[in-house]
Amino acid sequence: MNWSWMPIGRKARKQAEQGPRYGDLYERGLASAIDIIIIFLIFDSLFRGITQRVFSHLDMEKMKAVVPHEPPSVIVAKLWDAHMIQLWTLNFSLQVGIIGLVLVGFQCVYRTTPGKWLFGLKVVEKDTLLPAARWRLVLRFIGYMLAGAPLMIGFMWMSFNRRHRGWHDYIAGTVVLNTRPRGWYWAQVKRGYYRLRGKSAPEQPVRQPAAEQGHADGKDAVE
């Protein structure tokens with residue numbers, strides 16, 4: 001069994017320091033949360049309007065016949081007759097579709113999203129480490145549904161492989177690179193501390209991730 005993904009041992013740490021940096025579960029989770037918050041802040045009125053328009057076709061008379069203590073099969077049958085299940089599915093699909101258009105569109109144009117940009121994350125192809133093709137970005141978003149459906153196991157999978165790939169990454173053939181230099185976050189904290197004290201922080205060189213050395217534009221393959 002290959003235990004190289006485990007963050008323990010001198011050899012594993014040395015390999016992680018020398019190779020490309022991959023975005024982990026925590027960074028990517030926070031980046032996704034930021035993206036979703038921004039989208040809902042901007043499109044809140046649109047989502048509300050869609051929800052109201054869709055559920056205006058709900059049969060309220062049949063909904064009143066739903067009793068919580070009835071057997072689940074009976075409840076599901078009554079919800080179906082009242083069009084609740086169909087309308088909920090339609091509403092969910094429309095809103096997820098809008099979110100997908102925004103996220104995939106942003107990545108196609110800017111090669112990142114606001115949340116990913118904040119954490120220095122970039123979606124690239126797994127073999128060449130070049131920016132992912134558009135069809136891969138679309139397929140990757142569709143893969144979110146499969147990764148999140150079974151109790152988020154597909155997303156948690158990032159913690160159990162060296163390149164931190166979720167199921168959606170395997171489906172689309174992608175990885176997520178962390179393009180920030182090593183020590184960048186700590187350097188920003190120290191810089192902010194010195195600024196609060198009215199001093200200038202001493203400049204300390206930080207080593208670029210292997211995947212970004214000599215390829216700042218991200219257009220050429222990494223040797």
Side-chain angles (χ1 to χ4, degrees), residues 1-36 100 103-104 106-108 110-148 150-189 205-223:
M1 182 177 293
N2 183 10
W3 295 95
S4 60
W5 62 269
M6 296 186 66
I8 60 176
R10 182 178 302 177
K11 182 178 180 180
R13 288 196 298 267
K14 186 176 181 180
Q15 290 176 345
E17 291 177 358
Q18 293 177 346
R21 295 183 64 199
Y22 299 101
D24 60 28
L25 175 63
Y26 308 104
E27 295 167 340
R28 294 168 63 175
L30 288 173
S32 297
I34 291 172
D35 288 333
I36 293 300
L103 291 179
V104 175
F106 223 98
Q107 292 183 68
C108 288
Y110 299 103
R111 296 300 177 183
T112 188
T113 63
K116 284 183 171 61
W117 171 83
L118 184 63
F119 287 92
L121 303 177
K122 182 170 63 175
V123 180
V124 298
E125 296 188 11
K126 67 179 182 67
D127 295 324
T128 63
L129 300 187
L130 293 173
R134 294 178 178 178
W135 68 268
R136 291 187 184 275
L137 297 174
V138 174
L139 187 60
R140 190 171 182 274
F141 182 80
I142 296 173
Y144 284 159
M145 306 298 109
L146 299 177
L151 302 176
M152 308 296 285
I153 294 176
F155 295 116
M156 300 299 294
W157 203 260
M158 299 178 200
S159 298
F160 300 99
N161 60 92
R162 183 178 61 84
R163 304 177 79 182
H164 300 302
R165 301 178 72 194
W167 288 1
H168 50 298
D169 290 310
Y170 285 101
I171 292 172
T174 59
V175 293
V176 177
L177 291 180
N178 185 330
T179 61
R180 299 290 190 205
R182 297 186 185 279
W184 184 86
Y185 296 103
W186 179 239
Q188 302 311 306
V189 172
V206 290
R207 185 160 61 88
Q208 294 286 339
E212 295 295 313
Q213 292 177 1
H215 303 287
D217 57 0
K219 295 180 181 179
D220 300 322
V222 177
E223 299 295 339

Who passes side chain to side chain contact (heavy atoms under 4.5 Å, CB included) against [X], sequence neighbours left out?
X	value
Leu25	Met156, Met158, Ser159
Ile36	Phe40, Ile99
Trp167	Ala147, Pro150, Ile153, Trp157

Could you tell me whether a side-chain N or O of [X] sits under 3.5 Å from a main-chain N or O of [Y], the two making a donor and an acceptor?
X	Y	value
Arg140	Ala132	no
Thr112	Trp117	yes
Arg28	Val176	no
Gln107	Val104	no

By salt bridge (charged side-chain N to carboxylate O under 4.0 Å, His left out), Arg165 pairs with (sequence neighbours left out) none
Between atom [atom1] of [X] and atom [atom2] of [Y], what is the distance when rounded to the nearest 0.5 Å?
X	Y	atom1	atom2	value
Glu27	Arg21	CD	CZ	6.5 Å
Phe141	Leu103	CZ	CG	6.0 Å
Asp169	Leu139	CG	CG	11.0 Å
Asp127	Thr174	CG	OG1	11.0 Å

Apply the side chain to side chain contact (heavy atoms under 4.5 Å, CB included) test between Pro20 and each candidate in Thr179, Val124, Leu129; give the one that qualifies. Leu129
Across all chains, not counting sequence neighbours, the ring pair (Phe, Tyr, Trp, His ring centres under 6.0 Å) partners of Phe106 are Tyr110
Sequence neighbours excluded, which residues qualify as ring pair (Phe, Tyr, Trp, His ring centres under 6.0 Å) partners of His168? Tyr144, Phe155
Is there a side-chain contact between Val123 and Arg136 in this structure, where contact means two heavy atoms from C-beta onward sitting under 4.5 Å apart? no
Heavy-atom side-chain contact between Tyr22 and Asn178 under 4.5 Å: no
Correct closest heavy-atom pair for Ala31 and Leu121 would be CB-CD1, 4.1 Å
